[in-house]
Amino acid sequence: MPLTPVLTSRFAEERSWTIETYERTEGYAAWRTALGMTPDELVTLVKDSGLRGRGGAGFPTGMKWSFIPQPKPGETPTGPAAKPKYLVVNADEGEPGTCKDLPLMMADPHSLVEGVAIASYAIRCHYAVIYVRGEAVHAHRRLQAAVAEAYAAGHLGRDVHGSGYDLDVIVHAGAGAYICGEETALLDSLEGRRGQPRLKPPFPAVAGLYGAPTVVNNVETLASVPFVVRGGSAWFKEFGPEKSPGPKIYSVSGRVVHPGQYEAPMGTTMRELLAMAGGVRPGHELKFWTPGGSSTPYFTADHLDVPLDFDSVAAAGSMLGTTALMVFDETDSIVEATLRFTEFYAHESCGKCTPCREGTYWLVQILERLVAGHGTARDLDLLTDTCDNILGRSFCALGDGATSCIASSLKYFRDDYVALLPADEQGRLGRTLHLEPVGAMA
């Protein structure tokens, strides 16, 4: 299929991360265009483009921007509208298999900085923070250098390009907690507190950073904004389906010939992406894969032709998430893979709520018992029951995500679990499953 690089169009340029390369390839042209528009016009443009958040939830970006309370003309602002506005960039990428934001920040950090500037102007904020995962030291340093270059070139700071608009951008390193990828936990971390999710409502649009109206956007989302401004909403909609348009970076890893980042329009299928990645390694067959990272329900070979956009993946029983496509073949144990993912969530649980704190711990214990060959037939029901007591009952989506791989693996590969049981337990399970009602054979 013919592809037109957009988000990755500068990746192959020499010293692509420098401002010289960025401006030579039309960088910051969208920022100058945006400064000639009104904030409301920018919000409408992004709304019309159909750009949806690339951090996992897929919420419409322009709509999120429009939720920020703004003063009404001719009136003295009160309440949230009277407070400062903030933009926070969620660059805390840390879910297993997810690797799209870090390459973008490393190869083309100025696309993010320009997107931050345009979004800040659109929501009328004068202070933006890029929150980078603590372990990503290289990305943190590269972003700091890009922000310094943008200040020196007059793209940030006081009276940007004579427009009268002021904007300061800070690059902040977190302490390496997966939970800080949840937007309210990220805000607590920024304020110097332990990263734990907040009760919503109020939502960040009303009471976010320092209790003021705040927009939290993902890296890839904001890096898309300059292209929307330059190309227009109609151009952006040429990529992908109507309800999930735009270019997308897909992270393909695992048992493929050429793992890596592949940019393609939203709605591209896994079959097409596998072809780009050289297919499953020679001599092996696809067994299962994740459409959006470890927190999304597994897919199988039967789902290869599902369009990878938010609505199509949801309709097929999973979530697009962060488009982290981890590929497993017939040599991989789905139970062991699920155990590794569950260990991650148990380790990264912030401990705030009982269902997640205790539930993920018990899920690990059950899965370890099964993998070691010491499980019982009752453990399969216990896994399902524990997942049911976490799903929808945890304080944030971490608990829900921890159950996704378990529930879907039992749905599609229950026999793999049964095969790990001792022979006597398999026999007991078989008798339970195949018990016929009285008279059924008559």
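What you see below is based on every heavy atom in this structure, not just the backbone, and it leaves out hydrogens, waters and symmetry mates. In this chain, numbering begins with 1 at the start of the sequence shown.
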Let me see the working for Thr342 and Cys405 under side chain to side chain contact (heavy atoms under 4.5 Å, CB included), right down to the final yes or no. CA-CA 8 Å; Thr342 309; Cys405 55; 4.3 Å; yes
How about His155 and His161: are their ring centres within less than 6.0 Å of each other? yes
Can you confirm whether the side chains of Ser295 and Glu95 place a donor and an acceptor under 3.5 Å from each other? yes
Do Thr338 and Tyr298 have side-chain atoms, one donor and one acceptor, less than 3.5 Å apart? yes
Test side chain to side chain contact (heavy atoms under 4.5 Å, CB included), reference Tyr131, set Val216, Leu190, Ile170, output is Leu190
Dump the intermediate steps for salt bridge (charged side-chain N to carboxylate O under 4.0 Å, His left out) on Asp400 and Arg393, then the final yes or no. CA-CA 8 Å; Asp400 293 351; Arg393 293 175 171 85; over 6 Å; no
Please check if any side-chain donor atom of His110 sits under 3.5 Å from a side-chain acceptor atom of Glu23, or the reverse. no
Do Tyr22 and Ser111 have side-chain N/O donor and acceptor atoms under 3.5 Å apart? no
In this structure, CE of Met266 is separated from OG1 of Thr323 (nearest 0.5 Å) by 8.0 Å
Does Glu368 have more than 12 heavy atoms from other residues, nucleotides or ligands lying within 6.0 Å of its CD? yes
Assess whether a salt bridge exists between Glu26 and Arg230, defined as any Lys/Arg side-chain N lying under 4.0 Å from an Asp/Glu carboxylate O. yes
Hey, are Glu191 and Tyr210 close enough side-chain-wise for a donor-acceptor pair under 3.5 Å? no
Using a distance-only test with no angle check, is there a side-chain donor-acceptor pair under 3.5 angstrom linking Thr269 and Glu272? yes
From CA spacing to verdict: side chain to side chain contact (heavy atoms under 4.5 Å, CB included), Val215, Val88: CA-CA 6 Å; Val215 165; Val88 175; over 6 Å; no
Measure from the side-chain N and O atoms of Glu285 to the backbone N and O of Asp329, and report whether any donor-acceptor pair falls under 3.5 Å. no
Any side-chain heavy-atom pair of Thr331 and His284 under 4.5 Å: yes
Taking the side chain as every heavy atom from C-beta outward, state whether Ile406 and Thr384 have any pair of such atoms under 4.5 Å apart. no
Gln70 vs Arg124 side-chain heavy atoms within contact, under 4.5 Å: yes
Side-chain donor-acceptor pair under 3.5 Å between Thr98 and Glu93, yes or no? no
Tell me whether Thr8 contacts the main-chain N or O of Tyr262 through its side chain, where contact means a donor paired with an acceptor under 3.5 Å. no
Please walk me through it: do Phe67 and Phe203 pass side chain to side chain contact (heavy atoms under 4.5 Å, CB included)? CA-CA 10 Å; Phe67 289 160; Phe203 292 93; over 6 Å; no
I'd like to know whether Lys248 forms a salt bridge (charged side-chain N to carboxylate O under 4.0 Å, His left out) with Glu263, so could you lay out the CA-CA distance, the side-chain angles of the two residues, the decisive distance to 0.1 Å, and finally the verdict. CA-CA 5 Å; Lys248 185 77 185 69; Glu263 182 182 351; over 6 Å; no
Around atom NE2 of His138, are there more than 12 heavy atoms from other residues, nucleotides or ligands closer than 6.0 Å? yes
With sequence neighbours left out, the residues meeting side chain to side chain contact (heavy atoms under 4.5 Å, CB included) with Thr21 are Glu13, Arg15, Thr18, Arg24
For the pair Tyr121 (side chain) and Met37 (backbone), establish whether a donor and an acceptor sit closer than 3.5 Å, ignoring hydrogens and angles. yes
Any salt bridge between Glu183 and Arg198, counting N to O under 4.0 Å? no
Test side chain to side chain contact (heavy atoms under 4.5 Å, CB included) on Leu42 and Val46 and set out the steps. CA-CA 6 Å; Leu42 276 174; Val46 175; 5.7 Å; no
Using distance alone, with no hydrogens and no angle criterion, decide if Asp168 and Tyr151 have a side-chain donor and acceptor under 3.5 Å apart. yes
Could you check whether Arg194 pairs with Asp188 (Lys NZ or Arg NE/NH1/NH2 to Asp/Glu carboxylate O, under 4.0 Å)? no
Looking at Trp289 and Thr300, would you say the former's side chain and the latter's main chain have a donor-acceptor pair under 3.5 Å? yes
Salt bridge check: are Lys243 and Asp309 linked by an N-O gap of less than 4.0 Å? no
Look only at the side chain of Glu182 and the backbone of Pro197, and say whether a donor-acceptor pair between them is shorter than 3.5 Å. no
Quick check: do Gln261 and Tyr250 have side-chain heavy atoms less than 4.5 Å from each other? no
Do Phe11 and Ser16 touch side chain to side chain, with heavy atoms closer than 4.5 Å? no
N/O donor-acceptor pair under 3.5 Å between Arg281 side chain and Val257 backbone: no
If only side-chain N and O atoms count, and only distance matters, is there a donor-acceptor pair under 3.5 Å linking Ser349 with Arg357? no
How about Tyr345 and Ser294: does a side-chain donor come under 3.5 Å of a side-chain acceptor? yes
Any side-chain donor-acceptor pair under 3.5 Å between Asp101 and Asn218? yes
Minimum heavy-atom distance Asn217-Leu87, with the two atoms named: OD1-CD1, 4.2 Å
Is Lys287 positioned over the aromatic face of Phe328, cation under 6.0 angstrom from the ring centre and no more than 45 degrees off axis? no
Is the backbone N or O of Ala29 less than 3.5 Å from a side-chain atom of Thr33, with the two atoms forming a donor-acceptor pair by type? yes
Could you grab the distance from atom CG of Asp166 to atom OG of Ser120, nearest 0.5 Å is fine? 12.0 Å
Evaluation steps, ring pair (Phe, Tyr, Trp, His ring centres under 6.0 Å), between Phe344 and Tyr178: CA-CA 9 Å; Phe344 171 81; Tyr178 172 71; 4.9 Å; yes
How are the rings of His126 and Tyr165 set to each other: parallel, tilted or perpendicular (split at 30° and 60°)? tilted
I want to check something: taking the side chain as every heavy atom from C-beta on, are Met326 and Arg255 in contact at a cut-off of under 4.5 Å? no
Hey, is the main chain of Ala185 close enough, under 3.5 Å, to the side chain of Ser189 for a donor-acceptor pair? no
Kindly say whether Ala264 contributes a backbone atom to a donor-acceptor pair with the side chain of Thr268 at under 3.5 angstrom? no
Under the salt bridge (charged side-chain N to carboxylate O under 4.0 Å, His left out) criterion, do Asp311 and Arg52 qualify, and how do the steps go? CA-CA 11 Å; Asp311 301 319; Arg52 294 173 67 170; 3.4 Å; yes
How about Pro245 and Leu51: do any of their side-chain heavy atoms sit closer than 4.5 Å? no
Given 3.5 Å as the limit, does a donor-acceptor pair link the side chain of Glu114 with the main chain of Pro226, or not? no
Would you say Leu7 and Glu220 make side-chain contact, with heavy atoms under 4.5 Å? yes
Go through it in stages, so that I can follow the logic: the residues are His303 and Phe288, the test is ring pair (Phe, Tyr, Trp, His ring centres under 6.0 Å), and I'd like the CA-CA distance, side-chain angles, deciding distance and then a yes or no. CA-CA 9 Å; His303 300 95; Phe288 63 98; over 10 Å; no
